Structures are given as C-alpha cells and as structure tokens.
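Notes for the one structure printed next.
Keep in mind it's a predicted model, so treat the numbers as computed, not measured. Atoms within a ligand are numbered from 1 in the order they appear, just like the ligands themselves.
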Amino acid sequence: MRFLSLILACAAVATRADFLYDTFPDYFQWGVATASYQIEGAWNVDGKGDSIWDTYTHAGGNVVKNETGDIACDSYNKYEDDVQLLQDLGVNFYRFSLSWARLLPTGRVDQPNQAGIDYYNSLIDALLAAGVEPMVTLYHWDLPQELDDQGGWENEDMVQIFNEYAVFAFELFGDRVKSWITFNEPYVFITMGYGQGAHAPGLQSPGEKVYTVAHVVLKAHAEAWHSYNELFRPTQDGVIGITLDSEWKEPYSDDPEDIEAAERAIQFCLGWFANPIFGSGGYPTVMKEKILEKSLEQGYEESRLPEFTEEEENRIHGTSDFFGLNHYTTSLVQNADRPSLVPSYLNDRDIITRVNSTWDRSEWIFVVPWGLRSLLNWISDSYGNPNVIITENGMSDSNATLEDAHRVNYFRLYTNNVLKAIKLDGCDVRSYTAWTLMDNFEWAFAYDVRFGLHHVDFEDPERPRTPKASAEFIRQLVADNGFPEPEAVIPEVLEPEIENGDPEIVAIPEPIRAKFRQKH
Ligand code: PNW
C-alpha cells in the first residue's frame, strides 16, 4: 500500500516537474509592473501632496532601517530611462500606478496639480511612442494623507471620493490608457495596513476594521467600474477591473478536514474580494458562518463581518472586465480550532499554515511553481473560467547580484505553469506581468529586498539601472512568446573513414543530420 502511494506520488511529481515546450497563444501579452510610491521619489516637489506612505516612513520605526521612498528610483525624473528599459525588454505593456496625491494633493478633484498631470501625460506619451501599452493602477496603496485624516478607508465617503478621482483619471488619460485597474491587492493593503499595522496607515484592528474597510473598498471599486462602464467605455473602449492576490493553499494532508481547511483559507483571502465580484455575490458563505460564530462567542451582538444590502450586492457583482491576479507563493494548510478569544481575521479561518521545508525559498517566497497552475485552475473552476490577467508574479533576493539565476529559474518555471494552465487545462489566461521592472522600495523591507529585473544602485544619486540575467531571460521569453522546442542537438559524428577517396561522403548530408535530431 505504501509502495503504491509512493509510486502514485512520484508520478504526480514527475508530471508537475515536466517542462512543457510550447508557445503561448498569439493574443498573449507580456508586461512588467511597478507602483508609484515604490519608484517615483520626488515625494514633496512640484506641488505633490503627502501620502500615507510618506507619513508612515517619516514617522520612523515602521520600515527597515527607517528608509523611505523620498527618492526611491527617482522615476519622476528618470521615466525616460524606464521607458528605454521597457523597450529593450520588448514587452507589450507596462503596468504602473498613479500617485493620487501627486495628481490631487488633497485627494479631492477640485484642486488638481498640473505638474502631476504633466508627469503622467509625459510618461504615457513616451510609452506609446515606444510601442508599449500603458496599464494603469489607480490605487497602489499611497492614499493622500488628507483623506486619511478624514478617516481613510474607514470613511464611507471614500466610495464617492475614490469614484471622483477615478473619473478624473479617465477624463485625463482615458484617450490613451485602455487598461485600468481600480485597486491593487485589497487583501494585502487592508490586512497589513488595518490589521497588522505593518503597512501604512499602521492600524491594528485585525478583527474589526479589516472587514469594515474591505466593505468600503469593494463599494468604491464598484462605483469606479460603473462610472467607466457608463460614461467612458462608449467613447474610450477600454477595460477596467481589479487585481486580487492569493497564495495557492495546498491541503497539508489528504484528511478531508485539511482539504476543507485549504478551501476555507482561499475563501478567506481571494474569495473575500472575488466572491462579491466574480462569484455568487456577497462574501463567501464560509466567511459569513465562521465570523458570525466567532463574533457571538466573543460577546459581540452581531457578526464583525458587515453585510451588503441586496442592492449593494447587485451593484458590486460583475464589476470587473477581467480577473487581475497577483501571485507569489504557496503554503500548506491544516485544519485547526483557533482560540477565539482574540478577534482576528487570522483566527477566524480556523487553520494553521505550514510550509514544506524542502521548498526552495527567498524571504517570504517559497518556490512552488505548480501552485500557480493549481490557483489558475481553482479560479477557473470557481468563477466560470473568467479571463485572467496575471498582474504580478516575481521573486525576491536580498543581495545585489546581477547573476540572479534563482530568479530566472522562478520565472521560467512559473511562466511554464501558466502555459500548462492554458494549454493543458483550458484556463483563459490572457497576459503575464513580471514584478518588477527594477529594484525599488519594497514596503516594510525597503531596499533590503529586491525584486527587480534591473539592478538599481541606491547609493548613486543617478540611480543607475543595470539589467540582471532575469531581464535577458524575460526579453527572450517575450521574443519567443514562450518555450519553443529546444534547438536540435546534433551529436558529434566521427568522420567516416574515406576508403575510396570519394570526397562526397566527407560532408554529412542533411538527411543524416536529421536522423540525429532529438527532442529534449
Ligand atoms: C505585492 N505578503 O505586495 C505588491 O503589489 C507589490 O507592490 C510588492 O512590491 C510585491 O507584491 C512584492 O512584495 C505584497 O507579505 C506584499 O504576502 C506583501 C505580501 C504579498 C504581496
């Protein structure tokens, strides 16, 4: 019996490890991504307002070595260099985000900042001139500080304030920008910023505010989508959606309780935001049940998870033209009864998260390439095979090497699993975005953790960018649109002995060479 299961396990591993030589569909698009606070710098010039990340980093004690994004990659001044790098990579699109406070220093549309508008116009025009399509994220975490002073994402008014900002951006840039993303990773900025306090604005309310903030963010997303859909789509003809992030959650064992726990873990992360938009509408049933049960045990009179009215649920449902997915890593999930004394989104899940100690790793990223394929299949099965755009995927390191073989390996295997999901499983994946164009301000890890295809020297005021091996890998991957069959390997053939002195047999003719061609 043990022998049999070992054979079966080996067969499964062999399948996962098999490399698929094939190309992506013709329509497949390749891109790289960045975000405003992580690259722009110029935090207080030309009329830009403060964002919560300016406040959070300047407060001290929040980020590694008390670093800030004050200068970062200085892309505010060096965007032309960035465009050149993109052109060299040959990517189809560039995903970047708008600094809300650079455009609207108070966060409100009545006081726009012309220098900010000029900056993004220049960037967009330079991209188009270089043949690179802009893909714009409206919110990649740098909320204008003035809006945070008014309650930030806890404030229900943010639904309309965000909508007005979105409309402002569509009006200004929508003639040239045809791909919009409302929010980047609500799960991360909400749980980190309002749950654990490890991101701006640094609040710690893991049992309550995480849920009420998510409620506001989902409504804000939906209003922006409706605005685009009704007011801009008819003339601008672009697409707009949301980017959600998720690990793949693999059951720790084949115990049905662990299998159910792994499913629950995904529902508490991806499903939290995806079910209202792409699924059956509203929060996942398992979240509603668990959080209500825990809340009552903890002495609350009602669930800590707010409820949508039927009207709100309908208004949110279907508000994404694509499924934007950020994915980095995988974990193992085991069922567990969590002590319910402390209200927390982590305890609400009733799971324990583990990893496999044999997995290759770097910082918080464990290299489990088949996890991405499993996740893409889960999304396809759960939400009716939506069209997925992978808006981030990448690998970190904490040294400044240009020979980043581990990152090349990561990209090679993860993109190959995207290919398998498309070709072998029928998942409708339309594009892939590598995180990130260049080393940049990696949030709480600042400059100690690097994800870039290009190295950036943060000691040098010029912030020079230098391609790493991974940049060359991505360039080739894009040029080939995947992994064509490897070139035939022609074994060395000993020269045949010339007996009769016939010069014709010295050169090996083409058909004989062909006989030696073999597939890898
Ligand atoms: C994403 N985690 O953030 C963001 O969209 C990027 O801005 C960021 O640079 C990139 O991934 C790499 O970290 C995450 O702790 C930050 O699980 C943290 C986590 C996940 C995603």
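A cation-pi contact links Arg354 to Tyr252, judged by a cut-off of 6.0 Å to the six-membered ring centre and 45° from its axis.
The closest donor-acceptor contact from the side chain of Asn347 to the backbone of Val342 lies under 3.5 Å. Side-chain atoms of Asp54 come within 3.5 Å of backbone atoms of Ser51 as a donor-acceptor pair (strictly under, hydrogens ignored).
For ligand 1 and Asn326, the ligand atoms under 4.0 Å from any heavy atom of the residue are 5 (O). Interface atoms of ligand 1 facing His140, defined by a heavy-atom separation under 4.0 Å, are 4 (C), 5 (O), 6 (C), 7 (O).
With a 4.0 Å cut-off on non-hydrogen atoms, Asn184 touches ligand 1 through its side chain and not its backbone.
Here the rule is side chain to side chain donor-acceptor pair (under 3.5 Å) with Thr391, and of Asn184, Asn326, Thr433 only Asn326 fits it.
Within the structure, the closest approach of Asp245 to ligand 1 does not fall below 4.0 Å when heavy atoms are considered. The shell of residues lying under 4.0 angstrom from ligand 1, judged by heavy atoms, includes Trp141. For Glu247, the heavy-atom gap to ligand 1 stays at 4.0 angstrom or more.
Checking Tyr328, Phe189, Phe451, Tyr187 against atom 10 (C) of ligand 1, the nearest heavy atom belongs to Tyr328.
For Glu80 and Gln84, the side-chain atoms include no donor-acceptor pair closer than 3.5 Å.
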